[in-house]
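Below: one structure, written as structure tokens.
Hydrogens, waters and symmetry mates play no part in the numbers below; they use all other heavy atoms, side chains included.
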Amino acid sequence: MDTRIFRIRNIKDDFGQIKAAAAIIKRGGTVAIPTETVYGLGANGLDSEAVKKIFEAKGRPSDNPLILHVADDTWLETYCEDIPEAAFQLTKLFWPGPLTIILKKKDIIPDLTTAGLDTVGVRCPKQPITNALIRAAGLPIAAPSANISGRPSTTSFEHVFRDMSGRIDAIIDGGDSELGLESTIIDLTVSPPRLLRPGGVTAEQLISVLGEIEIDEAVFSRLPEDIKPKAPGMQYRHYAPQAGITVVCGDPMHTAQYIKRHAKERSGVLCFDEYVYMFEKCIAIPFGSSDDLRTQAEKLFDALRGFDDAEVTEIYAQCPPEEGLGLAIANRLKKAAGFNVVDLGSE
Ligand code: TXA
Ligand code: MG
């Protein structure tokens with residue numbers, strides 16, 4: 001399949017290209033879309049045949065539901081039922097933006113989109129190109145992250161091109177993703193609301209609006225074999241480069257020293273900028289200073305992909321504390337590591 005490339009920098013000047021991409025979506029095709037979190041692999045979320053193509057292109061298990069992307073919160077009532085007031089409190093503060101809300105779905109959404117669940121995740125992306133695309137298409141775009149299933153998510157056009165070229169109808173190059181981590185997912189169909197995946201909207205921010213929330217076990221640890229995760233996607237090893245990862249938690253100086261003691265010549269080290277000098281003999285990729293969570297989030301998936309290119313034998317990663325955006329970064333690292341974690345505590 002020939003994959004068409006749209007290079008869009010400016011919505012006004014490039015509106016013809018947005019319309020052309022919207023036409024592909026409307027006739028049931030697949031288009032990779034830039035968003036502020038990660039790139040998505042989009043198709044008409046109301047069309048089973050179109051949605052099937054997403055699962056095929058990614059090699060995604062069919063029991064893993066997709067998120068619907070809408071243009072604003074007035075679209076919620078068309079696709080969701082029993083919407084609690086809390087949903088609109090959240091959308092007023094955090095939409096457009098990196099927050100997915102799980103609500104009861106209406107029948108208009110095909111079972112394939114939600115993998116047979118009676119709920120649906122809905123998000124309104126802030127990236128102006130994709131927001132304009134959804135409006136131009138006039139329908140909700142179902143989109144998982146635009147990576148081959150199991151690989152790190154895609155945060156640049158180059159990542160998407162490598163994973164998806166030849167597999168989908170088009171890719172929109174809208175530059176790098178601003179945040180670099182997938183959206184926060186909050187389930188509002190249960191009480192108290194349950195945080196299924198941490199992201200750019202932090203647990204602390206959600207608590208300030210919702211009061212109490214529960215954080216799903218799968219955010220911190222591998223679930224036992226017989227327990228079904230609330231977000232089906234949380235059960236798979238994810239975000240993973242080819243080499244195995246050891247995540248090292250604790251005071252940054254201690255984690256750097258621990259890694260220095262264990263790393264070998266072909267080891268990859270994902271480290272904070274201040275400690276890169278300690279790893280000259282290994283293959284080190286710095287991903288931001290220890291106090292700069294924004295940069296760590298932005299660079300994380302590119303760094304994980306970088307270790308594949310460098311053909312490292314194993315990877316050690318310094319992990320930030322699980323507060324604010326750090327909870328999302330730590331979650332992605334631990335999932336990439338299959339929860340292979342060394343915790344040095346606060347010694
Ligand atoms: O930032 C994002 O959310 C990106 C961009 C493209 O918007 N999308 C994304 O999609 O990360 P994906 O498919 O890679 O991750 C969606 C996660 C999966 O773990 C899935 O199981 C969960 O959301 N999910 C989707 N619908 C759900 C539902 N109704 N109930 C529980 N979990 C759901
Ligand atoms: Mg994904």
Crowding at [atom1], [X] (>12 non-hydrogen neighbours, <6.0 Å):
X: K106; atom1: NZ; answer: yes
X: E311; atom1: CD; answer: no
X: R294; atom1: CZ; answer: no
X: D13; atom1: CG; answer: yes

Inset, instruction - Before giving the answer on side-chain contact (heavy atoms from CB on, under 4.5 Å), spell out for E322 and L327 the whole-Å C-alpha distance, their side-chain angles and the decisive distance to 0.1 Å. - result: CA-CA 4 Å; E322 292 176 312; L327 181 63; 3.8 Å; yes
Inset, instruction - Please answer whether the main-chain N or O of P193 pairs with a side-chain N or O of E214 as donor and acceptor at a distance below 3.5 Å. - result: no
Inset, instruction - Look only at the side chain of N147 and the backbone of T154, and say whether a donor-acceptor pair between them is shorter than 3.5 Å. - result: no
Legend entry - Check against side-chain contact (heavy atoms from CB on, under 4.5 Å), L181 and R332: CA-CA 8 Å; L181 294 180; R332 303 309 191 274; 3.8 Å; yes
Taking the side chain as C-beta and beyond, is there a heavy-atom pair between [X] and [Y] under 4.5 Å?
X: P125; Y: P96; answer: no
X: L41; Y: M164; answer: yes
X: P140; Y: I134; answer: no
X: R4; Y: D2; answer: no
X: S289; Y: T295; answer: no
X: Q296; Y: P320; answer: yes
X: R60; Y: L66; answer: yes
X: Y316; Y: V342; answer: no

Inset, instruction - Test D14 against R7 for salt bridge (Lys or Arg N to Asp or Glu O under 4.0 Å), laying out the working first. - result: CA-CA 8 Å; D14 300 325; R7 280 185 206 286; over 6 Å; no
Inset, instruction - Can you measure from CG (L300) to CG (L270) and round to the nearest 0.5 angstrom? - result: 6.5 Å
Inset, instruction - To the nearest 0.5 angstrom, please state how far the CZ atom of F6 sits from the CG atom of D173. - result: 12.0 Å
Are [X] and [Y] ion-paired here, with the side-chain N under 4.0 Å from a carboxylate O?
X: E56; Y: K53; answer: no
X: R162; Y: D308; answer: no
X: D163; Y: R305; answer: yes
X: R197; Y: D216; answer: no

Legend entry - Residues in ring pair (Phe, Tyr, Trp, His ring centres under 6.0 Å) contact with Y258, at least two apart in sequence or another chain: H262
Legend entry - CA sep, side-chain torsions, deciding dist, call: T100, S183, side-chain hydrogen bond (donor to acceptor under 3.5 Å, both in side chains): CA-CA 6 Å; T100 297; S183 61; 2.8 Å; yes
Inset, instruction - Start with the C-alpha gap between M253 and Y275, add the side-chain angles, then the distance that decides, and say whether side-chain contact (heavy atoms from CB on, under 4.5 Å) holds. - result: CA-CA 8 Å; M253 185 43 116; Y275 302 99; 3.8 Å; yes
Inset, instruction - Under the side-chain hydrogen bond (donor to acceptor under 3.5 Å, both in side chains) rule, what do E314 and T246 come out as? Steps first, then yes or no, please. - result: CA-CA 8 Å; E314 58 177 351; T246 304; 5.7 Å; no
Legend entry - T35 vs R123, side-chain hydrogen bond (donor to acceptor under 3.5 Å, both in side chains): CA-CA, chis, key distance, verdict: CA-CA 11 Å; T35 91; R123 177 166 108 78; 2.9 Å; yes
Quick one: do [X] and [Y] end up in the same hydrophobic cluster if we chain Ile, Leu, Val, Met, Phe, Trp and Tyr together by side-chain heavy atoms under 4.5 Å apart?
X: L223; Y: V190; answer: no
X: L46; Y: V51; answer: no
X: I67; Y: V160; answer: no
X: I329; Y: L344; answer: yes
X: I5; Y: I18; answer: no

Inset, instruction - Would you sort out whether S145 and E182 count as a side-chain hydrogen bond (donor to acceptor under 3.5 Å, both in side chains), showing the intermediate values? - result: CA-CA 8 Å; S145 48; E182 307 84 349; 5.0 Å; no
Inset, instruction - Would you check if there is a donor-acceptor pair between the side chains of S156 and D176 at a distance under 3.5 Å? - result: no
Legend entry - Steps toward side-chain contact (heavy atoms from CB on, under 4.5 Å) verdict (Q205, L90): CA-CA 10 Å; Q205 284 175 305; L90 291 175; over 6 Å; no
Legend entry - Residue pairs fulfilling ring-ring contact (aromatic ring centres under 6.0 Å, His included) with at least one residue in residues 134-172, sequence neighbours excluded: F157-F161
